[in-house]
Every structure is written in structure tokens, then in C-alpha cells.
Undergrad: 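My structure is below; once you've seen it, I'll send some questions.
Protein chains get the first letters and strands the later ones, always in sequence-line order, with residue 1 at the start of each. Just so it is clear, the structure is predicted and the values come from calculations on it, not from any experiment.
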Amino acid sequence: MEAKKIRSTFIEFFQNKQHQFVPSSPIVVKNDPTLMFTNAGMNQFKDYFLGNEVAKVTRVANSQKCLRVSGKHNDLEEVGVDTYHHTMFEMLGNWSFGDYFKKEAIEWAWELLTEVYKLPKDRLYVSVFGGDQTDGLDKDTEAFDLWKNIISEDRIIFGSKKDNFWEMGDTGPCGPCSEIHVDLRSEEERIKESGFDLVNNDHPQVIEIWNLVFMQFNRIKDGSLKELPAKHVDTGMGFERLVRAIQQKSSNYDTDIFMPFIEVLEAKSGKKYGESEQLDIAMRVIVDHIRAIAFSIADGQLPSNNKAGYVIRRILRRAVRYGYTFLGFQKPFMFELMPLLATNFGEIFPEVASQQDFIAKVIQEEEASFLRTLENGLKILDQIKADMETKSAQVIDGKTAFELYDTFGFPFDLTSLIARENGLSVDEKGFAEEMEKQKTRSRSAAEQETGDWVMVADEEGVEFIGYDHLESESQIIKYRQIKDKKGDRFQLVLDRTPFYAESGGQVGDQGWLKSDSEQIKVLDTKKENDLIVHFVDKLPADTSSVFSATVNAEKRRLTMNNHTATHLLQSALKEVLGDHVQQKGSLVNEELLRFDFAHFSKLTDEEITKVEAIVNTKIRENIALREQRNVPIEEAKKQGATALFGEKYGEFVRVITFDRDFSVELCGGTHVTSTGQIGLFKIISEGSISSGVRRIEAITAAAADAFMNQNLTLVKELQELLKSPKDLKKAVEALIQEKNDLKKEIEGLHGQQTSILKQELANQVAKVGDTNQLFAQVSLPSADALKKISFELKNEFPNLIAVIAAEIDGKPQIAVTISEELVAGKGLNAGNAVRELAKEIQGGGGGQPFFATAGGKNIAGLASVIQKAREMFS
RNA sequence: GGGGGAUUAGCUCAGUUGGCUAGAGCGCUACACUGGCAGUGUAGAGGCCACCGGUUCGAAUCCGGUAUUCUCCA
């Protein structure tokens with residue numbers, strides 16, 4: 001069975017059991033400070049389990065894009081080394097939110113695996129929770145009895161809390177789980193040793209494929225467990241492993257999910273998969289990583305130098321490094337896998353197909369940039385090797401290797417590889433120590449202490465009323481304290497709030513909480529999953545009182561102007577540039593709007609003017625806002641609403657329309673009631689932030705007015721300065737031209753002056769024995785001229801000894817020139833001479849043996865410098 | 001958020017304890033050789049050595065700050 005078929009079979013199977021198919025949520029997580037990437041199928045349903053929200057549909061099935069780069073079983077450096085770990089993988093899952101429980105979950109899982117997928121029953125084992133004393137939990141006999149009905153008892157394993165009790169965190173919903181393991185070893189191996197003993201033992205061929213979690217408890221802060229009122233089922237089956245089991249391969253990479261990619265690499269490198277361990281690892285790394293990178297970029301996370309973007313960059317670089325070292329790819333190559341990826345995954349994940357060109361471009365650019373980094377590192381390493389040779393050292397010290405890595409991004413394993421090739425070694429321990437130091441430093445700088453939530457009121461729901469109101473009567477539900485370097489702050493959650501939490505690029509609201517006795521400033525508002533969190537710097541004295549929550553209306557109004565203008569801008573860009581303009585990020589605050597979008601070339605002045613004109617026309621049309629809340633997402637899409645890749649949308653969405661033929665967007669932000677309020681729109685900058693992504697910054701309303709006025713005033717002032725010429729630009733050009741001409745002329749005159757002076761000095765050169773000598777006191781415009789004259793004289797007279805004492809800009813300066821042949825022949829040294837002479841002008845100096853200068857403070861001493869110089873060289 | 005590096009001619013880069021008159025290659029301009037092109041030769045233009053401040057007799061070079069950028073860590 002093909003992978004695609006295996007996936008669709010899973011979904012259809014559960015659809016036939018009244019499950020609704022839910023598309024994968026984005027692989028990149030927003031609005032959750034504890035998570036950068038989706039790391040499990042349950043992420044998008046977290047709120048249901050936490051009880052923050054009630055599920056509208058109680059039976060759901062999905063295939064979730066997940067990414068793991070760290071964790072107990074997922075170290076990035078390990079991926080590709082073995083044959084069954086991945087960075088990006090798909091998690092198939094079926095879910096019950098307070099609907100069916102253990103019986104159905106177990107029976108259906110068995111049915112699907114054995115009846116539909118036809119996995120041989122004698123290769124399957126199951127585990128159930130074996131109880132835990134400290135938690136006072138008995139064996140999960142319920143699950144055991146259910147399994148006993150379908151599988152013989154000797155294939156059921158009682159597992160420990162570690163393996164068979166699932167918890168989301170220190171607190172929250174949790175429960176026992178039951179895993180299904182498959183033994184993929186050969187017949188003869190299976191005879192030698194029972195698969196039963198290898199379950200949960202890190203055997204590469206005896207692996208867990210499906211985990212059925214029965215969420216039935218809530219762990220509260222004191223560590224005890226409470227029965228949940230509604231019980232849930234959360235299952236996760238690693239798609240890649242399932243495919244491997246069904247296709248009977250010994251490695252995930254041998255399945256048709258990865259093989260087509262490996263074949264491309266074979267063709268491109270001229271090397272065969274299976275030839276050597278190193279080669280195989282390299283190919284596995286690349287075909288694994290390309291998926292992680294492409295899916296993340298598709299969901300809007302570009303490679304960058306921090307946070308999630310940095311994780312993507314690291315993954316990409318690891319792949320490039322393997323390709324570079326083991327497959328001989330010295331030029332970008334990963335991006336060429338994109339068409340295949342789009343074909344193979346476009347059906348289930350349309351975002352990679354529709355953005356194929358864009359993703360390829362980003363990857364290519366990122367590859368090229370890393371190859372430059374590598375090349376640069378190689379150069380530095382060459383330098384290091386040369387240095388070591390002169391010192392006949394054998395070991396590259398850890399500090400040097402770390403510097404290469406830390407500062408220049410040169411991978412450590414490449415350093416040690418090259419060292420080995422040159423008969424050298426690297427101090428691995430020293431490197432690790434330096435690394436540890438850096439980590440400690442970073443951690444201590446980022447340290448933040450988050451206190452426990454303190455419950456104030458026993459409220460469930462949190463109501464956002466900010467679309468309609470800027471003020472409300474509110475009560476605090478809970479609060480907690482945050483401590484970091486910047487000091488103490490508090491986070492408050494209100495039962496209802498007019499404060500908009502930062503989202504969709506729009507900044508969070510600021511404002512005040514007022515009670516009868518005090519007034520507290522709200523500094524910022526952010527989302528944590530679906531919770532609206534208010535940031536304040538002090539806690540109210542009485543947290544249980546009723547507050548009037550008031551949004552800073554002025555700031556909100558200006559922000560709304562900019563947000564609506566952003567929508568108009570997006571539509572205008574599509575009109576002018578084409579439909580490939582995809583939003584890649586945005587920032588909307590009270591000062592400006594910033595809009596990043598996919599486009600491959602710089603916008604011309606004409607294009608910018610055109611975009612501005614369209615937006616301003618729409619503003620003047622004074623189009624009324626059409627706001628629809630709770631529109632079914634399918635209905636919204638039918639209206640042609642623009643949705644964002646990488647944005648998580650629920651079943652019901654909010655649609656913002658300004659002229660249904662112009663701008664229809666899915667958006668949770670706040671907007672003006674009619675476009676005329678924006679007044680004026682002005683683009684203030686356009687540039688590139690990374691390959692294939694342009695950024696426009698613009699301002700609106702009073703800020704745009706001020707900007708225009710400022711520029712007009714500037715022009716007016718310039719005009720006045722230049723006595724109102726007909727053509728201002730020409731006048732300035734003429735001015736610059738004139739200035740350059742004059743500058744040249746002055747330079748020429750200075751040159752003449754110095755050459756006249758030089759001539760005079762040349763006449764004063766006297767022959768003393770076999771040397772030519774000159775001792776003179778002059779006045780010069782610059783130190784440069786003094787230098788110039790000295791060198792010219794030196795070229796003119798052989799065996800020259802010249803001491804020129806000059807007054808330059810009111811300061812004394814001495815130049816001593818001695819021809820090279822005298823330096824060599826008679827051991828004269830201008831540097832020594834000038835230091836001695838400088839004493840006369842209370843200064844110091846130095847230089848080379850044939851030319852040296854000195855400056856000082858005592859201008860009256862110049863005469864005695866000459867006196868002393870004559871004595872010195874007589 | 002924290003650390004480290006880089007910024008020199010249109011481009012790619014040298015410039016080793018502060019002192020060669022700041023260089024190279026490519027590119028550009030002019031001329032010469034050649035039937036033309038490619039090519040070769042000769043000559044030349046092109047530098048606020050990122051910016052601001054400090055130390056020094058003297059700073060591309062040392063120190064502090066700013067900007068931009070690369071890189072590592074969180």
C-alpha cells in the first residue's frame with residue numbers, strides 16, 4: 001500500500017466512525033510562550049483538554065505536521081543516524097472529546113491495524129498502565145480486560161508510569177495510556193528472541209507505532225489526581241513508522257515517503273544509497289531535513305538568527321553540511337528537491353504546493369549563504385593550520401575551535417574532520433567547556449521566573465468585548481508574578497476585557513484598570529493560547545474588587561487606522577504586482593504599519609506610486625466596514641476571503657470586508673468603521689528582508705500629514721536658500737559640480753605651493769662630504785604636504801639627510817628623512833633622531849628608519865631643533 | 001534577550017606589535033597592436049579606510065559609542 005493511500009485510509013476509517021477530519025494546524029506555533037513548534041497531534045486541541053473551551057465536535061481525526069529537535073528522544077544531532085527518528089513527522093490521530101472512551105479506542109485501533117492495514121497479529125504487542133504506588137493508582141484493568149478480549153494475554157505488557165502514564169505538564173489533564181508495538185524483525189531473529197522482551201527497549205526493529213491516551217485525571221498543584229468530569233481520548237500514530245510497518249521495510253527511509261527523494265540525491269551525487277554508513281546517514285539527514293524546512297517556511301517561519309527561525313536555519317545548515325562533506329555538493333542543491341516535495345505532499349498539505357517557488361527561493365538563498373560561511377571558515381582554518389605548523393603544534397585548542405564555530409559559524413565536526421585529514425586533532429573537551437560557558441551566560445541573561453497562577457474568582461470563560469467597547473466593568477479571575485532582569489511584573493486575567501491582545505501583527509492594547517481606590521496602568525496585552533493576559537507593573541491592593549477596564553482610546557484609534565490601511569495595501573499590491581503577493585508578516589501599531597510579502601524584485605517608483613494611489617482612492621471612497629463574526633470557515637472561503645498560511649483558524653472565523661470586490665480578509669484585528677477615517681496613506685520605505693520577501697513601511701493619518709509637510713517645508717527652505725531657482729534639482733547638481741571643481745582647483749594650488757616650497761628647499765640642499773644635507777624651518781598648510789616634500793626630496797637627492805621643522809596650523813612638527821643607503825650603510829636612524837629632536841619642542845615622535853615625524857607643543861623650539869640637527873649630523 | 005566577529009576603490013578582498021606616499025585581482029575609461037571580435041600591452045580615473053567621540057607627536061590599525069551585517073547561545 002502506498003503512503004498516500006495509507007494516510008487517506010486512516011482518515012476514511014475514522015470518518016466512517018463519525019469522526020470529522022480536521023486539517024493539520026500550522027507546524028509553527030504562535031501565542032504560546034512555552035512552545036515554538038507543534039510537537040504533538042494534541043497541540044491544537046489543548047484548550048479542550050484544559051477545559052478552557054468546549055469542543056463543538058466530539059469526534060475528530062487528523063494528520064498533524066509535527067517538528068521535534070530537542071527532548072529526551074529527539075536530539076537533532078541524532079536524526080538520520082538511526083533509521084526511525086525524524087525532525088518533521090506526521091502524527092495521525094483520532095480524538096474523543098468527552099465522547100467514546102477506552103473500549104472504542106482500543107477496538108478501532110485493532111480493527112484498523114489488523115483488518116484494514118492487515119498487519120500480522122503475531123507481530124503486535126500492546127502495553128497498558130501497570131499502576132503506580134506514589135500516585136495511588138491501580139493497574140489499568142479496564143484497558144487490560146478490553147485487550148484480553150482481542151489479543152492473548154501473553155502479548156500484553158504492564159508498563160511503568162514513565163512509559164504508560166501520559167502527562168502534559170506538571171499540572172493539568174493526564175491519564176494512563178496503552179501503546180501498540182510492532183515487531184519488524186526477520187523470522188529467524190524472532191525465533192531466537194521473543195519480541196515481548198524487546199518492547200520499550202530501544203530496539204530499532206521493535207517499535208511503538210500507536211499510543212492511545214485515556215485522559216481521565218486532572219493533576220492539581222499539590223500533586224494529587226482528580227477525576228475529570230469529561231473523559232477524552234487522544235491517540236497518536238507516527239505516520240512514517242506505520243508506513244514502514246505496512247510496507248515491511250526495515251527503515252522508515254526505505255518507504256515511498258522518502259525513497260523518491262533519496263533517488264534524486266543518488267542521481268545528483270552519483271553515489272548509491274546503501275554503499276556506506278556515512279553516505280546513508282548524509283542522505284537520510286537531507287531527505288528528513290528538507291521536509292522540516294519546507295513545511296516551516298510554508299507556514300511562514302523563515303530562517304533567521306533567533307528563536308524558531310534559528311531552529312530552521314540550524315536544521316538547514318546541518319543538511320547542507322552533510323551534503324557538502326559526504327555527497328560532494330558544493331553548490332545549493334536542497335532547493336531542487338522542492339518540486340518533488342510539492343508533488344508528494346501537496347495533496348494533504350496544499351500550503352507547500354502553492355508556495356513551491358517561494359520556498360525553493362528561500363532555501364536556495366539560505367544554502368548559498370551558508371556555503372559562503374563554510375568557505376570563509378575554511379580560509380580561517382587554513383590560517384590556523386599555517387600558524388600551527390610554524391609552532392609545530394598538533395592539537396587545535398578548544399578555544400580556537402570554538403571561536404571558529406561561535407563567531408564564524410563553522411561546524412565543529414567539520415573542524416575535527418579537516419584536522420584529522422591533516423594529521424591534527426582538536427581539543428574536544430576544551431570546545432565543550434567553551435560551549436558550556438556560552439550557554440550559561442545566555443541562560444542567566446534570559447532567566448525568568450514565572451510564578452503560579454493565583455486564583456481570585458472561580459470564573460471559567462474569558463470574554464473579549466473590545467470590538468464593540470473600550471471600557472468595561474471587570475474582575476480579576478487570576479494573576480501571577482513574573483520576575484526577570486527587568487524587575488517584577490504581574491499578569492492578570494479578567495473575566496471580561498475590552499483589551500485587544502497582540503495578535504495578527506496588531507500590538508496589544510494599553511490602558512488602565514481603575515477601582516474606587518486606585519488606578520493601575522496596563523502596559524501590554526498578550527495572548528497565551530486563548531487566554532488574554534494583561535501586563536501590569538503592580539498588583540492592585542484589593543484584587544477582588546471591581547475594576548473599570550479602560551483602553552487607551554487614542555492609541556487604539558491610530559492602530560486601527562494602520563490595520564485597515566494594511567488590508568487596503570495588501571489588496572493594492574495584489575492588483576499592481578499580481579496574485580503571488582502573499583503576506584509573510586506584519587506589524588501594526590499606533591505609529592506605523594509594516595507589511596512583509598512574497599515578491600521577487602524591488603518595487604519600482606512607479607509601482608509604489610500606483611499602490612499608494614489605489615490605497616488613497618479607497619480611503620477617499622470612504623468605504624464602510626463590513627464585519628462578520630462567527631462565519632463558518634468554508635463560507636468565508638467561498639466569499640474569497642484572504643487567509644494566511646501558518647495561521648491557525650477555528651471552525652468559525654471573523655471576516656473583515658472593505659468593498660467586497662476589493663478587500664476581504666480573515667482577521668481578528670480591530671478596524672475603522674469607514675476608510676475615510678484613515679485620511680492619508682504614505683509609503684515611507686520599501687526594501688528586502690530576505691530572499692523573496694519585500695517589506696513596506698507606511699504611515700497614515702496625522703503621521704502621514706506631518707511627513708508630507710516636513711518634506712514640503714524642506715523643499716521650500718532649499719528653494720529659499722538657492723534664491724528660488726526654476727529647477728531645484730538642476731541647481732543642486734550645478735552646486736555640487738561647482739564644489740568639486742573648486743576642490744580640485746584648491747588641491748592643484750596647494751600642490752603648486754608645495755612644489756614651489758620644495759624647489760626652494762631643494763636649492764638649500766648642501767653637499768657635506770658624500771652626503772646631501774638640508775636643515776630648514778618652514779611654514780606649511782598640512783602634515784601631508786610636509787611628508788610629500790620630504791619624499792620628493794628623497795627621490796631627488798641621493799644620500800640625503802633632511803630635517804625640516806615646520807609650523808603647521810600653529811603647531812610645531814618635525815620631519816627627518818634619511819636615504820635608505822645611509823640607513824643601511826652608516827646605521828643612521830631617522831626615528832631615533834626625531835625622538836631626540838622632539839625634546840626641543842616638548843613632544844615625541846617616531847617612524848621608520850628612513851622617515852620619521854614628530855609633533856610637539858613648543859613652537860618657539862623649532863629654531864633650536866635646526867641648531868641641534870646640524871650638530872647631530874655634522 | 002546575551003556573547004563574538006566584520007565594515008578599506010563599482011565588485012571580491014590584502015593591509016601581522018600604531019609610522020612604506022593605503023594596495024591587489026576583476027570591472028571601468030583612453031590609447032596602441034589586430035581586418036573585426038576575443039585577446040595582449042600601456043596609461044589613467046576611481047578611497048571622509050561605515051559613522052561619532054577618545055587616546056597619541058601621529059590612528060585604516062588602539063579604546064568607547066552608534067548603525068548595518070554575519071555568527072553562536074537562550
Undergrad: Is the closest basic N to carboxylate O distance between A:K439 and A:E436 below 4.0 Å?
TA: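 Salt bridge flag = no for A:E436 with A:K439.
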Undergrad: Please give the distance between the P atoms of B:G10 and B:C28 as a whole number of Å.
TA: 15 Å
Undergrad: Within the distance-only criterion (no hydrogens, no angle test), does the side chain of A:N422 pair as donor or acceptor with the backbone N or O of A:L424 below 3.5 angstrom?
TA: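 Not a single qualifying donor-acceptor pair exists.
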Undergrad: With both distances under 3.5 Å as the test, what is the Watson-Crick or G-U wobble partner of B:C37?
TA: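 With both distances under 3.5 Å required, B:C37 matches none.
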Undergrad: Report the base-pairing partner of B:U29 (Watson-Crick or G-U wobble, both distances below 3.5 angstrom), or none.
TA: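 Check on B:U29: paired to B:A43, both distances under 3.5 Å.
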Undergrad: Just to be sure I understand the rule, does A:T373 reach a base, reach only the sugar-phosphate, or reach nothing, if contact means heavy atoms closer than 4.0 Å?
TA: sugar-phosphate
Undergrad: Do the side-chain N and O atoms of A:D406 and A:Q438 include a donor-acceptor pair separated by under 3.5 angstrom?
TA: yes
Undergrad: Looking for any heavy atom pair under 4.0 Å, which part of the strands does A:G843 touch: base, sugar-phosphate only, or nothing?
TA: nothing
Undergrad: Against A:I699, only a single residue in A:L593, A:I683, A:I684 fulfils side-chain contact (heavy atoms from CB on, under 4.5 Å); can you say which?
TA: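 That would be A:I684.
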Undergrad: For a quick test of reading the model: is some side-chain N or O of A:R317 closer than 4.0 Å to OP1 or OP2 of B:C72?
TA: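 Yes.
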Undergrad: With P as the reference atom in both, quote the distance from B:C51 to B:U61 in angstrom, rounded to an integer.
TA: 10 Å
Undergrad: Between B:G2, B:C72, B:C57, spot the one nearest the side chain of A:T853, thanks.
TA: B:C57
Undergrad: How far, in whole Å, is B:A9 from B:C26 if one measures between their C1' atoms?
TA: 12 Å
Undergrad: If pairing requires Watson-Crick or G-U wobble contacts with both distances under 3.5 Å, which nucleotide is the partner of B:C13?
TA: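 Across any shown strand, B:C13 pairs with B:G23.
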Undergrad: Could you check which of B:G4, B:G2, B:C20 has an atom nearest any side-chain atom of A:T407?
TA: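 Closest nucleotide to the A:T407 side chain: B:G4.
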Undergrad: Classify A:R314 by what it touches in the nucleic acid, base, sugar-phosphate, or nothing, heavy-atom distance under 4.0 Å.
TA: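 Sugar-phosphate, no base atom in range.
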Undergrad: What distance, rounded to whole Å, do you find between the two C1' atoms, one in B:C37 and one in B:A50?
TA: 42 Å
Undergrad: Between B:A74 atom C1' and A:E449 atom CD, what is the distance in whole Å?
TA: 17 Å
Undergrad: Strictly below 4.0 Å, N to O, side chains only: are A:D488 and A:K538 in salt-bridge contact?
TA: no
Undergrad: With a 4.0 Å cut-off on N to O distance, would you call A:K527 and A:E502 a salt bridge?
TA: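 Here A:K527 does not pair with A:E502 in a salt bridge, since their nearest N and O are not under 4.0 Å apart.
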Undergrad: When rounded to the nearest Å, what value does the distance between C1' atoms of B:C62 and B:U17 take?
TA: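 The same atom, C1', in both gives a distance of 11 Å.
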Undergrad: Mind calculating the distance between CG (A:L404) and C1' (B:C70) to the nearest angstrom?
TA: 14 Å
Undergrad: Indicate, with a heavy-atom threshold strictly under 4.0 Å, whether A:A854 touches base, sugar-phosphate, or nothing.
TA: base
Undergrad: Measure CG/A:N829 against P/B:C20 and give the value in whole Å, please.
TA: 15 Å
Undergrad: For atom P, what is the distance between B:A6 and B:G15, given to the nearest Å?
TA: 11 Å
Undergrad: Is A:Q438 side chain donor-acceptor paired with the B:C72 base, going by distance under 3.5 Å alone?
TA: yes
Undergrad: Cation-pi check for A:F535 against A:K526: NZ or CZ below 6.0 Å from the six-membered ring centre and within 45 degrees of the axis, yes or no?
TA: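 Satisfied, under 6.0 Å and within 45°.
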Undergrad: Rounded to whole Å, please give me the gap between CZ in A:F412 and C1' in B:U71.
TA: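 Those two atoms, CZ and C1', are 17 Å apart.
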Undergrad: In terms of side-chain heavy atoms of A:K787, which of B:C20, B:G2, B:C72 is nearest?
TA: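 Of all the options, the side chain of A:K787 is nearest to B:C20.
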Undergrad: Base, sugar-phosphate, or nothing for A:K307, non-hydrogen atoms under 4.0 angstrom?
TA: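 Here A:K307 touches the bases of the nucleic acid.
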Undergrad: Could you give the CZ-to-P distance, from A:R321 to B:U71, as a whole number of Å?
TA: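 It is 14 Å, rounded to the nearest whole Å.
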Undergrad: Can you work out whether A:F370 or A:A445 has the more 5'-proximal nearest nucleotide on RNA chain B?
TA: A:A445
Undergrad: When you get a sec, tell me which of B:G5, B:C70, B:G3 is the closest nucleotide to the side chain of A:D406?
TA: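 So the nucleotide nearest the side chain must be B:G3.
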Undergrad: Please determine, for B:U55, whether a Watson-Crick or G-U wobble partner exists with both distances under 3.5 Å, and give it or none.
TA: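 Per the H-bond distance test, none.
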Undergrad: Return the value, rounded to whole Å, for the distance between atom CG of A:N305 and atom P of B:G1.
TA: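 Atom-to-atom, A:N305 to B:G1, this comes out as 11 Å.
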Undergrad: Closest to the A:F408 side chain: B:G5, B:G1, B:G3?
TA: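 Of the candidates, B:G5 comes closest.
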Undergrad: Less than 4.0 Å between a side-chain N and a carboxylate O, is that true for A:E367 and A:R372?
TA: no
Undergrad: Using Watson-Crick or G-U wobble geometry with both distances under 3.5 Å, which nucleotide pairs with B:G1?
TA: B:C73
Undergrad: My understanding is that a pair needs two contacts under 3.5 Å, Watson-Crick or G-U wobble. By that rule, which nucleotide pairs with B:A50?
TA: B:U66
Undergrad: Can you find a side chain N or O atom of A:R313 that sits less than 4.0 Å from OP1 or OP2 on B:U71?
TA: yes
Undergrad: Where the side chain of A:N306 is concerned, which of B:C20, B:U71, B:G1 is the nearest nucleotide?
TA: B:G1
Undergrad: State the pairing partner of B:G18; accept Watson-Crick or G-U wobble contacts with both distances under 3.5 Å, and report none otherwise.
TA: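 Paired with B:G18, as far as the under-3.5 Å criterion goes, is no nucleotide at all.
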Undergrad: Over how many whole Å does the gap from A:K437 atom NZ to B:G4 atom P extend?
TA: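 A:K437 atom NZ is separated from B:G4 atom P by 13 Å.
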Undergrad: Using the P atoms only, state how far B:G64 lies from B:G3, rounded to an integer number of Å.
TA: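 It works out to 13 Å between them.
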Undergrad: When you match A:K857 and A:G409 each to their closest nucleotide on RNA chain B, which lands nearer the 5' end?
TA: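 First, find each residue's nearest nucleotide; the 5'-ward one identifies A:K857.
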Undergrad: Write down the distance separating the P atoms in B:U66 and B:A60, rounded off to the nearest Å.
TA: 23 Å
Undergrad: Mind calculating the distance between CD1 (A:I380) and P (B:U71) to the nearest angstrom?
TA: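 Roughly 13 Å, once rounded to whole Å.
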